[in-house]
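Below: the structure, in structure tokens.
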Amino acid sequence: MAKKQKPNRPKARLPRGFGDRQSAEIRATNQMVEKIREVYERYGFDPIETPFLEFTDAMGKFLPDTDRPNAGVFSLQDEDDQWMSLRYDLTAPLARHVAQNFNQIQMPYRTYRQGWVFRNEKPGPGRFRQFMQFDADSVGAPGVQADAEMCMMMADTMEALGIKRGDYVIRVNNRKVLDGVLEAIGVTDEAQKLTVLRAIDKLDKFGVEGVKLLLGAGREDESGDRTEGAGLDEGQVLKILALLAMTISFKSGPGTIQTWKTPKELGWIEGDEEESVSNALYQLATLQSYCKDNGYPSDCIKIDFSCVRGLEYYTGMVYEAELTFDVTNEKGQKVQFGSVGGGGRYDGLVSRFTGQPVPATGFSIGVSRLMTALTNLGKLDDAEMPGPVVVCVMDKDVESLAEYQKMVQELRDVGIRAEMYQGNPKNFGKQLQYADKRNSPAAIIQGSDERARKVVQIKDLVAGKKAAAAIKDNETWKAERPGQFEVALGEGKSRFVKLIEEIKKLIKVN
RNA sequence: GCCGCCUUAGCUCAGUUGGUUAGAGCGCUAGAAUGUGGAUCUAGAGGUCCCCUGUUCAAUUCAGGGAGGCGGUACCA
């Protein structure tokens with residue numbers, strides 16, 4: 001006999017990097033988002049929203065040589081053959097929005113936005129192909145105060161989310177410092193410069209030794225994969241490492257940089273340094289001064305020359321929020337987690353559209369990634385929400401069912417989650433089992449006996465569970481009915497008043 | 001993209017030096033117990049052993065290829 005042919009059904013599965021979200025996760029996300037929103041609102045930012053799809057060229061992913069601009073973004077073609085892409089961040093759409101509404105917008109334009117973004121790339125720990133970001137930006141704000149404000153707001157946000165000071169650090173840098181120093185030590189080739197910057201960015205990940213290898217000959221990872229280095233000579237490598245070890249700070253007001261030595265003072269160059277380098281240093285020092293004076297010490301908002309960030313569009317200040325404790329996954333493995341948020345100054349982004357220079361600064365919190373970290377750490381409030389009060393179905397005649405439904409509605413009217421059992425009511429035990437699994441605080445029982453006596457049984461499921469812990473045999477268990485008590489009903493319209501009172505009391509206690 | 005590890009029941013995982021009927025725990029369903037959650041006992045359902053090709057009398061097991069998962073690394077707006 002031939003094998004029974006199974007119908008060719010589609011496999012229930014998801015594309016990698018995407019995931020369904022359970023109610024506990026959604027509630028936790030909503031809580032996080034609400035906390036972030038409160039901080040941004042308090043700083044005087046207003047919400048705006050842009051759509052998921054943008055024209056690909058508006059987002060800066062225009063790749064004329066490829067058929068599909070799919071490198072890193074999800075793209076599709078409209079009926080008129082124009083390429084559109086799912087947004088890969090919230091900054092590029094904001095720039096588009098500002099350019100498009102330039103004349104109506106009051107600068108400085110302080111806005112925030114939250115939502116899903118999409119990246120067509122390999123997912124990793126805490127990295128998804130659909131994830132949530134929460135951004136804040138000041139457009140038309142040229143001063144270093146705007147950058148300082150961003151850093152302070154980032155710190156406030158971390159703390160609002162329950163991450164204590166010391167468990168995170170905001171690292172700040174000015175890209176022009178690195179640019180100037182690289183120039184001074186003779187790294188002028190653009191490609192090599194990029195490799196060097198990427199190597200520097202890896203300091204927190206691989207440590208000094210790792211960066212040394214990446215700046216020089218190259219590095220092998222633990223799986224044996226090799227990364228080509230920047231090919232600098234030993235003198236250049238040492239100079240960069242010296243830079244990374246430096247700190248700058250103020251002692252007494254703007255103007256005095258204490259421990260920073262310029263390339264010239266270090267003897268790396270003959271003439272005067274680029275003005276841009278000293279400007280950049282001055283900005284950093286000013287930022288740190290602002291932050292310090294407002295209660296954010298230099299180990300909280302920290303100048304760090306190894307902070308590089310996106311190479312393409314940041315034009316000056318860059319900042320990054322990082323967790324300082326280890327993150328492990330559900331298997332207990334320690335995981336390379338990376339930053340949970342970052343941003344910087346992008347003075348060129350709006351002028352892509354308008355031709356007019358528009359200074360802007362902003363940052364983005366990786367909500368999804370931060371949530372993964374907090375979940376793995378058990379710092380997230382993922383306690384199951386209490387289920388609904390379940391009104392059990394004992395009698396199936398129309399009149400009784402209407403009475404059960406009435407109880408449910410009255411509970412709902414006073415704001416208590418409640419439902420009538422909607423499964424097969426044949427087996428009564430199933431109904432209580434259902435209530436138990438839904439994490440219900442209580443079940444309400446009214447059979448013909450209770451009906452005749454004008455009472456209901458309330459079963460306090462939480463107290464019952466506790467009381468029952470000692471009971472071993474089922475006979476006693478059934479006889480004692482742990483957690484259960486009787487309530488007399490009144491008459492007429494207000495007959496459920498007492499019942500509702502009792503349920504309220506019970507929910508409060510549990 | 002590159003490198004490593006992994007894939008057997010709904011879940012976590014055993015196992016087969018290539019052999020007839022592939023197991024456990026948990027979960028699920030039913031019963032003991034038709035008006036009482038848990039614990040207990042009994043029974044039951046549930047498998048393309050990731051897929052394809054090859055070697056073989058015989059492949060879940062071996063070989064080659066592919067897919068998916070996890071981790072590392074590269075890239076990252």
Side-chain angles (χ1 to χ4, degrees), chain A residues 3-6 8 11-17 59-61 71-73 85 87-93 95 117-125 127 133 135 194-195 198-199 201-202 205-206 210 214 218-228 308-314 328-331 333-336 338-339 342-344 346 349 364 390 392-395 425-440 442-450 457 459-484:
Chain A
K3 258 192 191 170
K4 221 195 290 175
Q5 199 73 36
K6 275 195 180 172
N8 193 14
K11 208 170 186 175
R13 59 189 186 136
L14 275 171
R16 70 192 327 193
M59 285 198 304
K61 266 286 164 183
V73 302
S85 298
R87 62 189 183 192
Y88 54 79
D89 71 6
L90 298 175
T91 310
V117 300
F118 304 85
R119 293 188 189 179
N120 190 1
E121 57 188 23
K122 196 199 122 178
R127 288 183 79 148
Q133 288 192 333
D135 284 30
L194 285 179
T195 313
R198 287 184 191 123
D201 195 34
K202 299 276 184 309
K205 202 167 177 180
F206 299 142
L214 283 172
R219 176 181 178 276
E220 235 172 60
D221 74 23
E222 58 200 58
S223 69
D225 190 27
R226 207 189 130 66
T227 308
E228 209 42 58
V308 175
R309 303 275 322 155
L311 300 167
E312 275 181 39
Y313 69 54
Y314 291 122
T328 53
N329 65 12
E330 58 279 0
K331 288 178 186 167
Q333 297 168 292
K334 192 183 157 192
V335 141
Q336 291 294 343
S339 74
Y346 50 96
L349 219 56
S364 175
V390 172
C392 298
V393 175
M394 296 289 288
D395 300 327
K426 187 186 71 185
N427 187 342
F428 178 61
K430 283 270 174 302
Q431 305 194 30
L432 290 175
Q433 215 174 72
Y434 170 82
D436 193 40
K437 291 208 169 138
R438 288 294 309 272
N439 199 24
S440 298
I444 295 173
I445 305 163
Q446 189 190 47
S448 49
D449 170 44
E450 286 85 0
Q457 306 284 343
K459 206 172 180 63
D460 180 340
L461 294 170
V462 179
K465 193 175 278 176
K466 280 182 204 147
I471 304 176
K472 283 283 176 287
D473 74 296
N474 198 251
E475 295 308 316
T476 330
W477 164 271
K478 277 186 174 177
E480 281 193 13
R481 301 189 168 173
Q484 189 166 327

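Within every chain, numbering begins at 1; the chains are lettered A, B, ... in the order of the sequence lines, protein sequences first and strands thereafter. Fair warning: this is a prediction, and the values are worked out from it, not measured in the lab.
- Contact of the A:R127 side chain with the A:E121 side chain is registered, since non-hydrogen atoms from C-beta on lie closer than 4.5 Å.
- Distances were taken from every side-chain heavy atom of A:R127 (C-beta onward) to each of B:rU36, B:rC76, B:rG31; the shortest belongs to B:rC76.
- Closest to the A:F206 side chain, of the nucleotides B:rA30, B:rU73, B:rG31, is B:rU73.
- In this structure, B:rG64 forms a base pair with B:rC52, meeting either the Watson-Crick or the G-U wobble geometry with both donor-acceptor distances under 3.5 Å.
- Base pairing annotation: B:rU73 forms a Watson-Crick or G-U wobble pair with B:rG1, both donor-acceptor distances under 3.5 Å.
- Rounded to whole Å, atom P of B:rA77 lies 12 Å from atom CG of A:L349.
- Residue A:K202 is classed as a sugar-phosphate contact, given heavy-atom separations below 4.0 Å to backbone atoms only.
- The base of B:rG35 is paired with the side chain of A:E450 by a donor and an acceptor separated by under 3.5 Å.
- Nucleotides B:rG15 and B:rG23, compared at atom C1', are 7 Å apart to the nearest Å.
- Residue order along RNA chain B, read from the 5' end via each residue's closest nucleotide, puts A:Q446 first among A:Q446 and A:F118.
- Residue A:K465 holds its NZ atom at 4.5 Å from CG of A:D436, rounded to the nearest 0.5 Å.
- Stacking is not found between A:Y313 and the pyrimidine-like six-membered ring of the B:rA77 base under the 5.5 Å centre-distance and 30° plane-angle cut-offs.
- When rounded to the nearest whole Å, the span between CD of A:E121 and P of B:rC2 equals 16 Å.
- The side chain of A:V73 has B:rA77 as its nearest neighbour among B:rG37, B:rA77, B:rG35.
- Taken from CZ in A:R481 to NZ in A:K459, the straight-line distance is 7.0 Å, to the nearest 0.5 Å.
- For the pair A:L432 CG and B:rG37 P, the interatomic distance rounds to 6 Å; values are reported in whole Å.
- Rounded to whole Å, the separation between the C1' atoms of B:rA59 and B:rG4 comes to 27 Å.
- Between A:K426 atom NZ and B:rG35 atom P there is a gap of 11 Å when expressed in whole angstrom units.
- Within the 4.5 Å cutoff, the side chain of A:V393 has heavy atoms near those of the A:Q431 side chain.
- Side-chain atoms of A:K430 lie closest to B:rA30 of the nucleotides B:rA77, B:rA30, B:rG37.
- If you check B:rU73, B:rA77, B:rC28 against the side chain of A:K205, the one that comes closest is B:rU73.
- Residues A:A435 and A:L461 come closest through the heavy atom pair CB-CD1, 3.8 Å.
- With hydrogens and angles ignored, a donor-acceptor pair closer than 3.5 Å exists between the side chain of A:K122 and the base of B:rG72.
- Here B:rU73 is the nucleotide among B:rA77, B:rU73, B:rG38 with the atom lying nearest to any side-chain atom of A:T227.
- Here CD1 of A:I444 is found 11.5 Å from CD of A:Q457. Values are rounded to the nearest 0.5 Å.
- A:S339 comes within 4.0 angstrom of no nucleic acid atom, judged by non-hydrogen atoms across all strands.
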Inset, instruction - Begin from the C-alpha positions of A:Q446 and A:M394 and carry the test side-chain contact (heavy atoms from CB on, under 4.5 Å) through to its verdict. - result: CA-CA 7 Å; A:Q446 189 190 47; A:M394 296 289 288; 6.0 Å; no
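- Nucleotides B:rC11 and B:rC52 place their C1' atoms 28 Å apart, quoted to the nearest Å.
- For the C1' atoms, the distance linking B:rG1 with B:rA45 amounts to 46 Å, nearest Å.
- Atom CG in A:D221 sits roughly 11 Å away from atom P in B:rG4 (whole-Å rounding).
- Residue-to-nucleotide proximity on RNA chain B shows that, of A:P15 and A:R119, the 5′-proximal contact is made by A:P15.
- One P atom belongs to B:rC62, the other to B:rU8, and the distance between them is 15 Å to the nearest Å.
- Inter-residue side-chain proximity for A:L90 and A:V117 is flagged as met; some heavy-atom pair is nearer than 4.5 Å.
- Judged by distance alone, with hydrogens and angles left aside, A:K478 brings no side-chain donor or acceptor close enough to the base of B:rU36 to form a pair under 3.5 Å.
- At a threshold of 4.0 angstrom between heavy atoms, the contacts of A:Q433 are confined to the sugar-phosphate backbone, with no base atom among them.
- Atom CG in A:D473 sits about 10 Å away from atom C1' in B:rU40, given to the nearest Å.
- With both ends at atom C1', the span from B:rG64 to B:rU73 equals 27 Å, rounded to whole Å.
- Nearest nucleotide to the side chain of A:D89, out of B:rU36, B:rC28, B:rA77: B:rA77.
- Residue A:R198 places no side-chain atom within donor-acceptor reach of the base of B:rC76, judged by atom type and a 3.5 Å distance cut-off alone.
- As the counterpart of B:rA43, B:rU29 is assigned, both hydrogen-bonding distances of the Watson-Crick or G-U wobble pattern falling under 3.5 Å.
- Taking atom P in both B:rU7 and B:rU12, the straight-line distance is 12 Å, to the nearest Å.
- Side-chain N/O atoms of A:N474 and base N/O atoms of B:rG38 include a donor-acceptor pair closer than 3.5 Å.
- Remark: B:rA22 base-pairs with no nucleotide; criterion is Watson-Crick or G-U wobble with both hydrogen-bond distances under 3.5 Å.
- Rounding to the nearest 0.5 Å gives a distance of 6.0 Å between CG of A:L214 and OG1 of A:T227.
- Contact of A:E220 with B:rU73 (side chain to base): no donor-acceptor pair of N or O atoms is detected under 3.5 Å.
- For A:R16, the side-chain atoms get nearest to B:rG69 when compared with the rest of B:rG72, B:rG69, B:rG35.
- By the criterion of a centre-to-centre distance under 5.5 Å and near-parallel planes under 30°, the ring of A:W477 forms a stack with the base of B:rG38.
- Between the CG atom of A:L90 and the P atom of B:rC76 there is a distance of 20 Å, rounded to whole Å.
- A:Q431 comes within contact range of no nucleotide atom at all, as no heavy-atom separation falls under 4.0 Å.
- Checking the phosphate oxygens (OP1, OP2) of B:rC28, a side-chain nitrogen or oxygen of A:K437 falls inside 4.0 Å.
- Residue A:D460 is classed as a base contact, given a heavy-atom separation below 4.0 Å to a base.
- For the P atoms, the distance from B:rC5 to B:rU21 is 34 Å, rounded to whole Å.
- In this structure, A:G464 reaches the bases: a heavy-atom distance under 4.0 Å links it to at least one base atom across the strands shown.
- Whole-Å rounding puts the A:E480 CD to B:rA39 P distance at 17 Å.
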